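Lettering follows sequence order; numbering is per chain, from 1. Small disclaimer: the values here were computed from a predicted structure and weren't measured.
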There are 2 protein chains.
Amino acid sequence: MGRIEYKQYDRFLLAVDCIIFGFDGTGLKALLIKRGLEPEIGKWSLMGGFAKKEESVDDAAARILLNLTGLDKIYMEQLHCFGDVGRDPGGRVVSITYFALIKIDESDGHKLESHNAKWFDLRKLPSLVFDHKQMVKLAKERLQQKVSNHPIGFELLPNKFTLQQLQALYEAIFETSFDKRNFTRKILSLGILQRLEEKEKESSKKGAFYYVFDKKKYKQLESEGIKLI
Amino acid sequence: MGRIEYKQYDRFLLAVDCIIFGFDGTGLKALLIKRGLEPEIGKWSLMGGFAKKEESVDDAAARILLNLTGLDKIYMEQLHCFGDVGRDPGGRVVSITYFALIKIDESDGHKLESHNAKWFDLRKLPSLVFDHKQMVKLAKERLQQKVSNHPIGFELLPNKFTLQQLQALYEAIFETSFDKRNFTRKILSLGILQRLEEKEKESSKKGAFYYVFDKKKYKQLESEGIKLI
DNA sequence: CCAAAAGTGTTATCATTACACCCATGC
DNA sequence: GCATGGGTGTAATGATAACACTTTTGG
């Protein structure tokens with residue numbers, strides 16, 4: 001076997017760090033934990049862990065995410081490999097980052113508590129360990145870029161949502177505001193939303209229709225790509 | 001030091017593989033080498049190597065690229081981390097891929113020969129080792145996406161070029177054809193091209209003006225992003 | 001009856017596409 | 001003088017952006 005050929009080369013620790021986004025109706029949020037090991041124990045950090053030899057890096061990311069949130073089959077995408085020499089003072093660790101989109105209310109509160117996890121508004125992040133701030137920044141840019149071309153924003157919303165919630169989400173992601181009429185028209189013209197009879201009546205007297213999205217058309221657009229913003 | 005904390009975790013070999021794009025006036029090309037070590041020795045492969053402990057992953061990529069092409073300060077961007085368990089039969093190797101854009105005529109012919117490197121048209125690739133075909137595919141998609149929003153295509157052209165060469169490049173990247181008038185208008189409207197007095201007279205009797213690009217405006221657009229295609 | 005959010009159309013501007021002829025030159 | 005690629009403009013269409021009033025209903 002050729003296995004012997006590789007003996008001479010350096011070996012690295014491989015961390016997987018996850019930027020987990022959520023949306024609570026007001027701002028775009030990231031899920032952070034209190035780091036549980038040295039160095040920098042007790043500081044705020046992205047959820048992460050070390051990859052294991054017998055699993056793929058993608059599987060490691062899924063495992064870490066499941067471990068923290070109790071969620072399986074969530075939207076996740078590899079972001080970037082951070083490989084500077086001194087990035088982790090605890091050792092020569094190369095980190096592969098993933099970003100994930102989850103519905104805040106579906107995550108497992110007990111699991112979150114047991115990791116001392118907390119949602120932070122992206123505009124008010126605490127200071128983070130190592131190069132994690134840079135990771136979050138890159139993830140946010142990538143999210144904006146991705147959302148412009150793919151209808152993945154829905155991954156952050158409850159299954160049924162109002163147009164105003166959807167617009168608030170997009171406004172939070174892009175940190176801007178959109179004209180309600182233009183936004184509604186464009187979104188509806190994609191043909192992936194289905195209006196329910198049911199109305200959300202908490203935030204207004206008139207009530208706003210709930211929408212769900214049509215999974216078939218959604219899948220199609222997700223692969224084809226769209227011009228959304 | 002916390003270094004001790006990490007002792008228990010698995011360590012990985014880290015490969016860096018480079019998808020090197022070039023353009024020769026006809027088709028988009030990728031630079032491949034004959035693999036020089038087992039397993040799969042003698043098969044076509046991306047240029048790669050193992051990262052070293054005392055260098056960053058980015059530096060490793062730059063080193064590998066310099067080693068093959070003799071070129072420094074070329075356009076390079078991290079692409080993706082390939083981390084499946086069985087991707088390299090020779091061992092548990094995680095590969096970080098980079099894609100690079102070079103001007104074919106500036107690379108060092110002797111270095112290329114000593115690695116048995118050869119340019120292949122992307123539409124006629126030979127079979128490749130491991131998951132390298134997938135890497136090239138992803139790189140091409142990323143290149144298309146990037147070129148749509150950033151004027152990096154110039155990295156593939158000689159310093160001075162004609163509008164027809166530029167159009168041919170874009171047509172090769174997107175595997176389509178554009179209307180000459182519309183293409184010219186859009187490109188010139190970006191304001192990053194400067195026309196020289198000199199003409200290229202080989203491919204026509206009338207001769208076509210050479211253009212160079214304005215580095216200042218280019219840098220500005222590169223960071224801002226543009227709508228190009 | 002009124003406050004508060006929901007819902008809905010039109011116009012102007014801009015960007016994109018489609019399309020065809022004259023120009024300059026070397027042979 | 002003719003064959004070859006170089007260079008240029010306009011009109012139609014579609015997309016985006018700007019803008020304000022009426023509807024509903026709980027209190």
Please give, in whole Å, the distance from [N] [atom2] to [X] [atom1]?
X	N	atom1	atom2	answer
B:Gln164	D:dT4	CD	P	17 Å
A:Leu188	C:dG9	CG	P	12 Å
A:Lys186	C:dT8	NZ	P	19 Å
B:Phe183	C:dT16	CZ	P	14 Å
B:Leu190	C:dA15	CG	P	12 Å
A:Lys180	C:dA5	NZ	C1'	7 Å
B:Gln167	D:dG5	CD	P	15 Å
A:Tyr210	C:dG7	OH	P	12 Å

Looking only at side-chain atoms of A:Arg185, point me to the closest of C:dT25, C:dT17, C:dG9.
C:dG9

Nucleotide nearest B:Lys206 (side chain, heavy atoms from C-beta), chosen from D:dA20, D:dT4, C:dC23:
C:dC23

Would you call the rings of A:Phe99 and A:Tyr75 parallel, tilted or perpendicular, where under 30° means parallel and over 60° means perpendicular?
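Ring orientation of A:Phe99 relative to A:Tyr75: tilted.
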
Should the pair A:Lys124 and A:Phe120 be classed as cation-pi, given the thresholds of under 6.0 Å to the six-membered ring centre and 45° from the axis?
no

Can the ring centres of A:Tyr170 and A:Phe178 be said to be less than 6.0 Å apart?
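They do not qualify: ring centres at least 6.0 Å apart.
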
Decide yes or no on side-chain contact (heavy atoms from CB on, under 4.5 Å) for B:Lys140 and B:Gln144, but give the supporting numbers first.
CA-CA 6 Å; B:Lys140 186 181 150 197; B:Gln144 288 182 346; 3.8 Å; yes

A:Ala208 or A:Asp179: which one's nearest nucleotide on DNA chain C is closer to the 5' end?
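In this pair, the answer is A:Ala208.
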
I would like to know whether A:Leu163 and A:Phe183 meet side-chain contact (heavy atoms from CB on, under 4.5 Å); could you show each step before the answer?
CA-CA 9 Å; A:Leu163 288 178; A:Phe183 182 83; 5.7 Å; no

Residue met sooner reading DNA chain D from 5', once A:Asn182 and A:Lys199 are mapped to nucleotides:
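Of the two residues, A:Asn182 wins.
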
Under 3.5 Å, is there any donor-acceptor pair linking the side chain of B:Arg181 to the base of D:dG7?
no

Phosphate OP1/OP2 of D:dG26: any A:Lys201 side-chain N/O under 4.0 Å
yes

Classify the nucleic acid contact of B:Thr162 as base, sugar-phosphate or nothing, counting any heavy atom under 4.0 Å across all strands shown.
nothing

